[in-house]
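Input: a single structure, listed below in structure tokens.
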Amino acid sequence: MFLYNTLSRQEEEFVPLDGHTVRMYSCGLTVYNRGHIGNFRYFTAVDVLRRVLRHHAGYAMRHVVNFTDVDDRTILESQKAGVPLREYTDRFIEAFREDADTLGLEAVEENPRATDDANLRAMCEIIAALDERGHTYLSDGSIYFKIATMPDYGKLARLDHAGMKPGARVDTDKYEKEDARDFVLWKATSPGEPTWDFGVGPGRPGWHIECSAMARRLLGDTIDIHAGGVDLIFPHHENEIAQTECATGHPFARFWFHVEHLIMDDGEKMSKSVGNVYTVSDVLERGYRASALRYLLLSVHYRKQLKFSWANLDQAEEALKRLMDFLGRLERVAVEGTHPEIADRVAGARRDFGAMLDADVNVPGATGVMFDLVRTLNAAIDDGRLGTGDVPVVTGAFEWFDAILGVVALRRAEEARPPVPVEEIEQLIEARQAARRGRNFVEADRIRADLDARGIVLEDSPTGTRWKRK
RNA sequence: GGCGCCGUAGCCAAGUGGUAAGGCAGAGGUCUGCAAAACCUCCAUCCCCGGUUCGAAUCCGGGCGGCGCCUCCA
């Protein structure tokens, strides 16, 4: 398969270094707040990449997603809340797990948090190695990385520092730095701040060092894929490269996978600092389903900005309904027989779907292939050219599609918890059938409208009445 | 000011040199007690202007517009 690599700015064929296990690190949340749907656009994109690597390319995974549970904001917010740092960040880690579960993200192999001893120790080992090799200096009790000691610094972001806007915002750090681009590895702490001492003196981690350390400890010196949002390219990922490569002497990540932003209708990036933020639970409270949200998040290629709007979410819901209606219909096929042309058509769709995934995870292209197949098969069902003998081939294909998309499984889990008890629905359907037999259509329509208002839709067919969630 | 991305139908969105996938919405039809679902039909020449080419939405140049990064940020 081919993946776009930010490092080379082009698509490259991807094969894990050892040929069978993908070692992937994706930057996780800073847990001072609940993640918003922009964050989850990224997590969902990485989830699909992971699923493609596993279920399509057939690789084993060793995938690490961290929690940044110490930085200026987590410290500040926990102090404001009057809660110990660890306890404060625990809440948002728990919230993340809930949201991840709601959106059907596959569990990853490791979820380290920065303040675990093993990770702090790993950070200090890197810092010590950098110090030995002359890449650091001390200023005001903090340890800095010295950019000037790394000739190829900037190879990922490719920023032209000569052309940077003069003045203003380059050096906002309150500490003394020799060069504006130097960054802190280990921060001096002020009284009352959490402090650790694992061999480089008391202090707390700089932002970038944790990812380098956790990736190295759990995945080794060179990893296959490092993922993040595009906003992390600079400075975060650039600095991770600097630290790790100068400490180990090996290339850090072979592929850099960056996901574009989700932006709001009004055209602004959704971010905590701007304040235009919706969480997964906000979306659910508006009456939308998580499956629809997941579908929407997948409906734009990961390297393009996704403009979020409630109208788009409505459209996603409708598209998903079409898919679910088809799958339901498939289960009810009664005509016997097997048709080789159906198997051919399905095989073709599987091939095309896979080709889309191979081309830099083209999910919108892949869903196009899938819906094309839905129409063909719906038509085949209509005129009896799809028999019970064909059904397993078809369901097999759609199960595979969903192993990647993960949207049908979510929807089915939601269906298992209808807003009206199943027993009651069935009683009402029975009552309505009796009314219809007596040609009392007023009563029949009343029951249908009543259920509709409660979120249950009825559909009549020659073989009886079916219900589904709205 | 520097670097980069993007601009495809009413909406969302693939396609990046060979004559516009898919979804939503809309119109007409078939089916239905009525609906729903489903099917059939219809609905774009790709922001603008130049250029390269037998041929461009796709490549090049110039505009216009939107967004991102350069600062914490998925």
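We name chains A, B, ... by the order of the sequence lines, and we start the count at 1 in each one.
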**OP:** Please give the nucleotide sitting opposite B:G55 as a Watson-Crick or G-U wobble pair, both distances under 3.5 Å, or none.
**Re:** none

Original post:
Taking only residues two or more places apart in sequence, or in another chain, which ones meet A:E318 in a salt bridge (Lys or Arg N to Asp or Glu O under 4.0 Å)?
Top reply: A:K321

**OP:** Hunt down the Watson-Crick or G-U wobble partner of B:U45, both distances under 3.5 Å, from any strand shown, or write none.
**Re:** none

Original post:
Side chain of A:R329: nearest nucleotide among B:A38, B:A35, B:A74?
Top reply: B:A38

Subject >> Closest nucleotide among B:G68, B:C39, B:A13 to the A:V300 side chain >> reply: B:A13

Original post:
In chain order, what residues pass the side chain to side chain contact (heavy atoms under 4.5 Å, CB included) check against A:T376, with sequence neighbours excluded?
Top reply: A:R345

Original post:
How does each nucleotide of nucleotides 23-31 of chain B score, in 5' to 3' order, for protein heavy atoms under 4.0 Å: base (B), sugar-phosphate only (S), or none (-)?
Top reply: BBS------

**OP:** Return each pair, listed once, that meets salt bridge (charged side-chain N to carboxylate O under 4.0 Å, His left out) where at least one residue sits in residues 290-299 of chain A; pairs must be two or more places apart or across chains.
**Re:** A:D47-A:R294

Subject >> Which nucleotide in B:C70, B:G68, B:A37 has an atom nearest any side-chain atom of A:H261 >> reply: B:G68

**OP:** Look at the side chain of A:R158 against the base of B:C69 and say whether a donor-acceptor pair falls under 3.5 Å; ignore hydrogens and angles.
**Re:** no

Original post:
Pairs in or reaching into residues 103-112 of chain A: which pass salt bridge (charged side-chain N to carboxylate O under 4.0 Å, His left out), with residues at least two apart or in two chains?
Top reply: A:R50-A:E106, A:R50-A:E109, A:R54-A:E106, A:R62-A:E110

Original post:
Residues in salt bridge (Lys or Arg N to Asp or Glu O under 4.0 Å) with A:D101, at least two apart?
Top reply: none

**OP:** Please answer whether B:A74 and A:F43 are stacked, defined here as ring centres separated by less than 5.5 Å and planes angled under 30°.
**Re:** no

**OP:** Tell me, please, which residues at least two apart from A:K304 pass salt bridge (Lys or Arg N to Asp or Glu O under 4.0 Å).
**Re:** none

Original post:
If the C1' atom of B:U32 is compared with that of B:G17, how far apart are they to the nearest Å?
Top reply: 50 Å

Original post:
Are any of the side-chain nitrogens in A:K470 or A:E317 under 4.0 Å away from the carboxylate oxygens of its partner?
Top reply: no

What side-chain donor-acceptor pairs closer than 3.5 Å can you find for residues 356-374 of chain A, not counting sequence neighbours?
| residue | atom | partner | partner atom | Å |
| --- | --- | --- | --- | --- |
| A:D358 | OD1 | A:H56 | NE2 | 2.9 |
| A:D360 | OD1 | A:Y4 | N | 3.0 |
| A:D360 | OD1 | A:Y302 | OH | 2.6 |
| A:D360 | OD2 | A:Y302 | OH | 3.3 |
| A:D360 | OD2 | A:R303 | NE | 2.9 |
| A:D360 | OD2 | A:R303 | NH2 | 3.0 |
| A:N362 | OD1 | A:G365 | N | 2.8 |
| A:T367 | OG1 | A:V363 | O | 3.4 |
| A:T367 | OG1 | A:P364 | O | 2.9 |
| A:D372 | OD1 | A:R375 | NH2 | 2.7 |

Original post:
Charged N to carboxylate O below 4.0 Å: is that the case for A:R34 and A:D99?
Top reply: yes

**OP:** Could you pull out all residues at least two apart from A:R97 that satisfy salt bridge (Lys or Arg N to Asp or Glu O under 4.0 Å)?
**Re:** none

Subject >> Residue whose nearest RNA chain B nucleotide is more 5′ - A:C27 or A:N378 >> reply: A:N378

**OP:** Please determine, for the side chain of A:H36, which listed nucleotide (B:A74, B:G33, B:C12) has the closest atom?
**Re:** B:A74

Original post:
What's the shortest heavy-atom distance between A:F2 and A:E11, and which atoms?
Top reply: CB-OE1, 4.0 Å

Original post:
Which class fits the ring pair A:F43 and A:F96: parallel under 30°, tilted 30 to 60°, perpendicular over 60°?
Top reply: perpendicular

**OP:** When you get a sec, tell me which of B:A74, B:C11, B:A38 is the closest nucleotide to the side chain of A:L29?
**Re:** B:A74

Subject >> Proximity to the side chain of A:E459 - top-ranked nucleotide from B:A36, B:A38, B:A13 >> reply: B:A36

Original post:
Hey, does the side chain of A:N362 come within less than 4.0 Å of B:A14's phosphate (OP1/OP2), counting only N and O?
Top reply: no

Subject >> Interface residues of residues 93-103 of chain A with RNA chain B (non-hydrogen, below 4.0 angstrom) >> reply: none

**OP:** For A:H208, check ring-ring contact (aromatic ring centres under 6.0 Å, His included) against everything at least two apart and list the hits.
**Re:** A:F183, A:H236

Subject >> Which nucleotide in B:A74, B:A35, B:A14 has an atom nearest any side-chain atom of A:D460 >> reply: B:A35

Subject >> Pairing partner of B:G65 (Watson-Crick or G-U wobble, both distances under 3.5 Å) >> reply: B:C6

Original post:
Closer to the 5' end of RNA chain B via nearest nucleotide, is it A:D325 or A:G365?
Top reply: A:G365

Original post:
With both distances under 3.5 angstrom, what nucleotide forms a Watson-Crick or G-U wobble pair with B:A38?
Top reply: B:U30

Would you list the protein and nucleotides 4-8 of chain B atom pairs, both N or O, that sit under 3.5 Å from each other?
| residue | atom | partner | partner atom | Å |
| --- | --- | --- | --- | --- |
| B:G7 | OP1 | A:K304 | NZ | 3.3 |

**OP:** Between B:G65 and B:C48, how far apart are the P atoms? Round to whole Å, please.
**Re:** 15 Å

**OP:** Answer yes or no: side-chain N or O of A:R448 and base N or O of B:A36 forming a donor-acceptor pair under 3.5 Å.
**Re:** no

